Q: 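Below is one structure. I have some questions about it.
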Amino acid sequence: MFRIIFILVLLIVGYLLLKSWQRRKQLNNQRRDAPSSGQIKNQQPIVSCQQCGLHVPKSEAVQHGGKFFCSLDHAQQAQITHQSMPKDKR
């Protein structure tokens, strides 16, 4: 009688271990297939603001005179600064 119970317990433990292994394998496959939150989904070129040096995506940057700025205010400030400079310092 003890042998039968021992064999049944071994079969149940083996079955539970097999199911656990299959669940872990399935979760690992799902994690590999799904993009993580830290992954870059769409890469964009990054440009630096000519006024303050802040790096912004090119699609969000303001372009003026062939230069990129982080905001319209910085583009206007750069234009005012450029206009007020003497011609020999440009």
Side-chain angles (χ1 to χ4, degrees):
M1 184 70 172
F2 179 72
R3 281 185 177 174
I4 294 173
I5 293 174
F6 182 71
I7 291 172
L8 284 175
V9 169
L10 283 178
L11 288 174
I12 290 171
V13 169
Y15 175 76
L16 292 175
L17 286 173
L18 179 66
K19 283 296 189 182
S20 173
W21 177 74
Q22 287 176 339
R23 266 189 252 127
R24 277 195 212 130
K25 188 175 178 182
Q26 186 179 18
L27 284 175
N28 285 339
N29 287 341
Q30 287 174 352
R31 286 181 190 151
R32 259 188 256 132
D33 294 342
S36 68
S37 60
Q39 262 184 340
I40 299 173
K41 293 184 175 108
N42 54 357
Q43 294 181 350
Q44 296 182 21
I46 302 293
V47 295
S48 180
C49 176
Q50 294 295 314
Q51 189 71 12
C52 67
L54 180 71
H55 293 86
V56 293
K58 191 174 182 179
S59 61
E60 295 178 22
V62 177
Q63 187 174 7
H64 180 70
K67 297 179 181 178
F68 292 98
F69 300 94
C70 64
S71 66
L72 188 57
D73 290 338
H74 279 190
Q76 290 171 346
Q77 286 175 8
Q79 183 179 10
I80 290 169
T81 305
H82 184 69
Q83 287 175 352
S84 64
M85 264 204 251
K87 284 194 173 191
D88 61 337
K89 295 217 178 193
R90 286 187 198 174

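This one's a predicted model, so the numbers in the text were calculated from it and none came from an experiment.
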Q: About how many Å separate CZ of Arg23 and CG of Leu27, when rounded to the nearest 0.5 Å?
A: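 Rounded to the nearest 0.5 Å, the CG-CZ separation comes to 9.0 Å.
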Q: To the nearest 0.5 Å, tell me how far Ser48 OG sits from His55 NE2.
A: 4.0 Å
Q: I need the Ser71 OG to Gln77 CD distance, nearest 0.5 Å.
A: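 With rounding to 0.5 Å, OG (Ser71) is 7.0 Å from CD (Gln77).
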Q: Can you tell me if Ile4 has over 12 outside heavy atoms packed within less than 6.0 Å of its CD1?
A: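 No, CD1 of Ile4 has 12 or fewer neighbouring heavy atoms, counting only those of other groups under 6.0 Å.
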Q: Closest approach of Cys70 and Leu54, non-hydrogen atoms and distance?
A: CB-CD2, 3.9 Å
Q: Between Lys58 and Gln44, does the side-chain contact (heavy atoms from CB on, under 4.5 Å) criterion hold? Intermediate values first, please.
A: CA-CA 7 Å; Lys58 191 174 182 179; Gln44 296 182 21; 5.9 Å; no
Q: With a 4.5 Å cut-off on side-chain heavy atoms, are Ile46 and Val56 touching?
A: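 No, too far: nothing below the 4.5 Å cut-off.
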Q: What's the shortest heavy-atom distance between Leu72 and Val62, and which atoms?
A: N-CG2, 3.8 Å
Q: Closest approach of Gln50 and Phe69, non-hydrogen atoms and distance?
A: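 Shortest heavy-atom contact: CB-CE2, 3.6 Å.
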Q: State, to 0.1 Å, how close Phe68 and Ala61 come at their nearest heavy-atom pair, and which atoms those are.
A: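 Closest pair (atom of Phe68, atom of Ala61, distance): CD2-CB, 4.0 Å.
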Q: How far does CG of Leu11 sit from CG of Leu16, to the nearest 0.5 angstrom?
A: 11.0 Å
Q: Are the side chains of Gln26 and Gln30 in contact, using a 4.5 Å heavy-atom criterion?
A: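 Yes, close enough: below the 4.5 Å cut-off.
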